[in-house]
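Hydrogens, waters and symmetry mates play no part in the numbers below; they use all other heavy atoms, side chains included. Keep in mind it's a predicted model, so treat the numbers as computed, not measured.
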Amino acid sequence: MGGQEVTRFPGTVALEDDRVPVTVGLDGEKISLVAGDVPIGEWPAGEYLVIDLGEGTFVIEAEDESLSFHPDDPGGFARSLGGSPAATVSRVAEAPSDTIEIRESPPPKPATLVGFYALVVITAALGIWAFLTLI
């Protein structure tokens, strides 16, 4: 790798109702997350997103997961992100509180469509049969 020095930021992540102590490591090529001596994950540049929610809270998104990170030194963490081309920082503190992110789902698979239409045809046929038996 580039031999860059890793800057470490102790803090906590919010998991349900608990706060777990962690350390986030940043360098120009990756971000890593460690709880005590247990590695939680490591993601290379371009595979993670850091969102600054303001008031010392950051959301780290990677692999379709999100963690709310509260560094002990929020200013230092924010400055470190600003100097790292690997991290994408998005500031959303000014976004309205009623904003909802809507993501488009992938199109259904052909087998799902065939199954759906087969079910529609069978249901319609049973409905017609039931109606005819009542006449």
**Q** For V22 and V34, what are the C-alpha separation, side-chain angles and deciding distance, and is it a side chain to side chain contact (heavy atoms under 4.5 Å, CB included)?
**A** CA-CA 6 Å; V22 297; V34 177; over 6 Å; no
**Q** Donor-acceptor pairs under 3.5 Å, side chain of residues 125-135 to any protein atom, not counting sequence neighbours: which ones?
**A**
{"residue": "T133", "atom": "OG1", "partner": "W129", "partner atom": "O", "Å": "3.4"}
{"residue": "T133", "atom": "OG1", "partner": "A130", "partner atom": "O", "Å": "2.7"}

**Q** Under 3.5 Å, side chain of D18 to main-chain N/O of V20, donor-acceptor pair present?
**A** no
**Q** Locate the shortest heavy-atom distance separating D72 from G11; write the atom from each residue and the value.
**A** OD1-CA, 3.5 Å
**Q** Report the hydrophobic cluster partners of V121, with the cluster defined as I, L, V, M, F, W, Y residues connected by side-chain heavy atoms closer than 4.5 angstrom, directly or transitively.
**A** none
**Q** Out of curiosity, L67 CG to E65 CD, how far, rounded to the nearest 0.5 Å?
**A** 7.5 Å
**Q** Let me see the working for I60 and I31 under side chain to side chain contact (heavy atoms under 4.5 Å, CB included), right down to the final yes or no.
**A** CA-CA 10 Å; I60 301 172; I31 189 171; 4.2 Å; yes
**Q** Minimum heavy-atom separation for K30 and D27, please, with both atom names.
**A** N-OD1, 2.8 Å
**Q** For L53, is there any backbone N or O sitting under 3.5 Å from a side-chain donor or acceptor partner on T57?
**A** no
**Q** Do L26 and L81 have side chains that approach each other closer than 4.5 Å (heavy atoms only, starting at C-beta)?
**A** yes
**Q** Would you please name every residue forming a side-chain contact (heavy atoms from CB on, under 4.5 Å) with V114, sequence neighbours left out?
**A** none
**Q** Applying side-chain hydrogen bond (donor to acceptor under 3.5 Å, both in side chains), can you list everything that pairs with E63, at least two apart in sequence or on another chain?
**A** W43
**Q** S68: what forms a side-chain hydrogen bond (donor to acceptor under 3.5 Å, both in side chains) with it, not counting sequence neighbours?
**A** H70
**Q** Working to the nearest 0.5 angstrom, can you tell me the gap between E61 CD and L49 CG?
**A** 5.0 Å
**Q** What is the minimum heavy-atom distance between S80 and F9, and which atoms define it?
**A** CB-CZ, 3.5 Å
**Q** Considering residues at least two apart in sequence or located in another chain, which fulfil the side-chain contact (heavy atoms from CB on, under 4.5 Å) criterion with P71?
**A** F58, F69, P74, F77
